[in-house]
2 protein chains.
Amino acid sequence: MEEPAGLNGELLLRPVRGGNSFEETVQRLLQTVRLGLVGPGERLPAERELAGMLAVSRDTVREAIASLSDAGYLVSRRGRYGGTFVSEVLPTHLPGTDQEDALAPTRNLSPEVIEDTLTLREILEVGGARHAAGRALTPSERELLWLSLVEANEATDEEYRRLDSRFHLMVGELAGSASLTPLIADVRMRVNELLDNIPSLGPNIAHSNTQHEQIAIAILTGRPDAAAQAMTEHLAGTALLLRGFLE
Amino acid sequence: MEEPAGLNGELLLRPVRGGNSFEETVQRLLQTVRLGLVGPGERLPAERELAGMLAVSRDTVREAIASLSDAGYLVSRRGRYGGTFVSEVLPTHLPGTDQEDALAPTRNLSPEVIEDTLTLREILEVGGARHAAGRALTPSERELLWLSLVEANEATDEEYRRLDSRFHLMVGELAGSASLTPLIADVRMRVNELLDNIPSLGPNIAHSNTQHEQIAIAILTGRPDAAAQAMTEHLAGTALLLRGFLE
DNA sequence: ATCTAATGGTCGGAAAGCGCACCATTTGAC
DNA sequence: GTCAAATGGTGCGCTTTCCGACCATTAGAT
């Protein structure tokens, strides 16, 4: 007695969580820093607030912060007007070093995982860009988009990754689905981890900036297909790079 | 001192988990049943296997199964060739009854939530269909797609929801991104919950079937844009229905 | 009739996570 | 100089979850 098969229960009966509360909290804070949602020197919410936002006990938040402080991502100061701050200089993320990086749960680098990541990214980001262009944006939203574009344009090599991530997240945010943003953030983290494993990227920052501009303009002028196409072409560059180096 | 703003940390500092292990396990099993991945009368994996798949202790699995048995979704039989089975007749899910449905965590029905759900669904499913049409499908995959199409066509009103869900999941599965399927499953569950709150849908089952066929054919003949367009039109029907009733 | 294998059912200790109260430190306001 | 407020730091008891071992039941094989 066989299943109709092809679509069995195993598809949904996957792990209900990607680790314990502590690990997930660490990853979430790391996302917030690496994707540039809270920049170097800026302050995170107070521990009690973080515990509330993350729906996790303060103990767990504290342990996560302790780990990230050890790793050099965060710095805590106590007292009034104290708090937990993002380090002014973030730890560089080198692949060659044989340091035990407990923060990056050794991700699989098989071709399947790479294709999975790139495909998902394209679906989410191209779809997001298309919907963003199809919506009626408020003046404030239009300014924010342009601002994040300009900031990415002016970025130095060191901070480019972070500001580029911010721009892409901003586009996703404008799609008008609150549930979409975390998904884009997740897949973006996966892409960044892949990029960490290839040497000396960044030859095409200028080209990237041009493409960013095309995307932003298509969104601001309300042309969904153009936005989708511009985003598709933009992502194709990264995809080609990753496939070339890692497959 | 204000943020650059518009894209602050709150976007990522959301709850790290949607409930405790028990609740998430219940939801996962419920998904598997409601989306038809394991049909009425069919058997679930053994408790020890489930615990392994879901990365959760057997105790938690057992508690979840106990809840779902009380609710009438599952039936357990012990002994060799025993196991946990999906009920032959699934509990109907009526909104009018004032029964405390502990299994359906009262979802918000605000316009924002509805738009969020519909937007995300369109991005995921249209993108999935487009990619499925752009891939080289194996003969086996082509057969599975057609099979799920035929099964949905032959469905009675009662089982239509389940088999329709299976068809949509199958399309997503063919996109070639393993990470995509759970996302489509999640958003599909959200759509189904919305549909549970409007009376007597299902006038357009015939029309739905026609659209399903167009989607399947576009995918099988490798026409990404046609697949995406067919899926877009198909989803527009549901979206119109939901917006009309719930907003 | 018996044995065997696979299943669900039960129990007890260890660990993780939670919630709360309280302590220690810092800084601006007065 | 003192105080108030906001923050990180610490300790404790409770609940949930985990893990492993063992028991009870069933259906087929022998």
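Basis for what follows: all heavy atoms, side chains included, without hydrogens, waters or symmetry-related copies. Letters A, B, ... mirror the listed sequences (proteins, then strands); counts begin at 1.
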*Asks:* Do L194(B) and T238(B) make a side-chain contact, defined as non-hydrogen atoms from C-beta onward lying under 4.5 Å apart?
*Replies:*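 No, their side chains stay 4.5 Å or more apart.
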*Asks:* Determine the minimum heavy-atom distance between L120(B) and S177(A), stating which atoms define it.
*Replies:*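 Reported closest heavy-atom pair: CB-OG, 3.7 Å.
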*Asks:* On DNA chain C, compare the nucleotides closest to I65(B) and E63(A); which residue's is nearer the 5' end?
*Replies:*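 Closer to the 5' end of DNA chain C: I65(B).
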*Asks:* Charged N to carboxylate O under 4.0 angstrom, E24(A) versus R17(B)?
*Replies:*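 Here E24(A) pairs with R17(B) in a salt bridge, since their nearest N and O are under 4.0 Å apart.
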*Asks:* Rounded off to whole Å, could you give me the CD-to-P distance for the E24(B) and dC18(D) pair?
*Replies:*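 For the pair E24(B) CD and dC18(D) P, the rounded distance is 11 Å.
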*Asks:* Does T60(A) place a side-chain N or O at less than 4.0 Å from the phosphate oxygens OP1/OP2 of dC18(C)?
*Replies:*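 Yes, within the criterion.
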*Asks:* Tell me the interatomic distance from F22(A), atom CZ, to dT16(D), atom C1', rounded to whole angstroms.
*Replies:*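 Distance, rounded to whole Å: 19 Å.
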*Asks:* Would you check if R162(A) and P40(A) make a side-chain contact, meaning some heavy-atom pair closer than 4.5 Å?
*Replies:*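 R162(A) vs P40(A): side chains touch.
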*Asks:* Quick one: closest heavy-atom pair of S76(B) and T84(B), and the distance?
*Replies:*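 Residues S76(B) and T84(B), closest heavy atoms: OG-OG1, 3.3 Å.
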*Asks:* Scan nucleotides 3-13 of chain D nucleotide by nucleotide, 5' to 3', and note B when protein non-hydrogen atoms come under 4.0 Å of the base, S if they reach only the sugar-phosphate, - if neither.
*Replies:* --BBBBBBB--
*Asks:* Can you see whether R34(A) engages S165(A) through a side-chain donor-acceptor pair at a distance of less than 3.5 angstrom?
*Replies:*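 S165(A) and R34(A) do not have a side-chain donor-acceptor pair below 3.5 Å.
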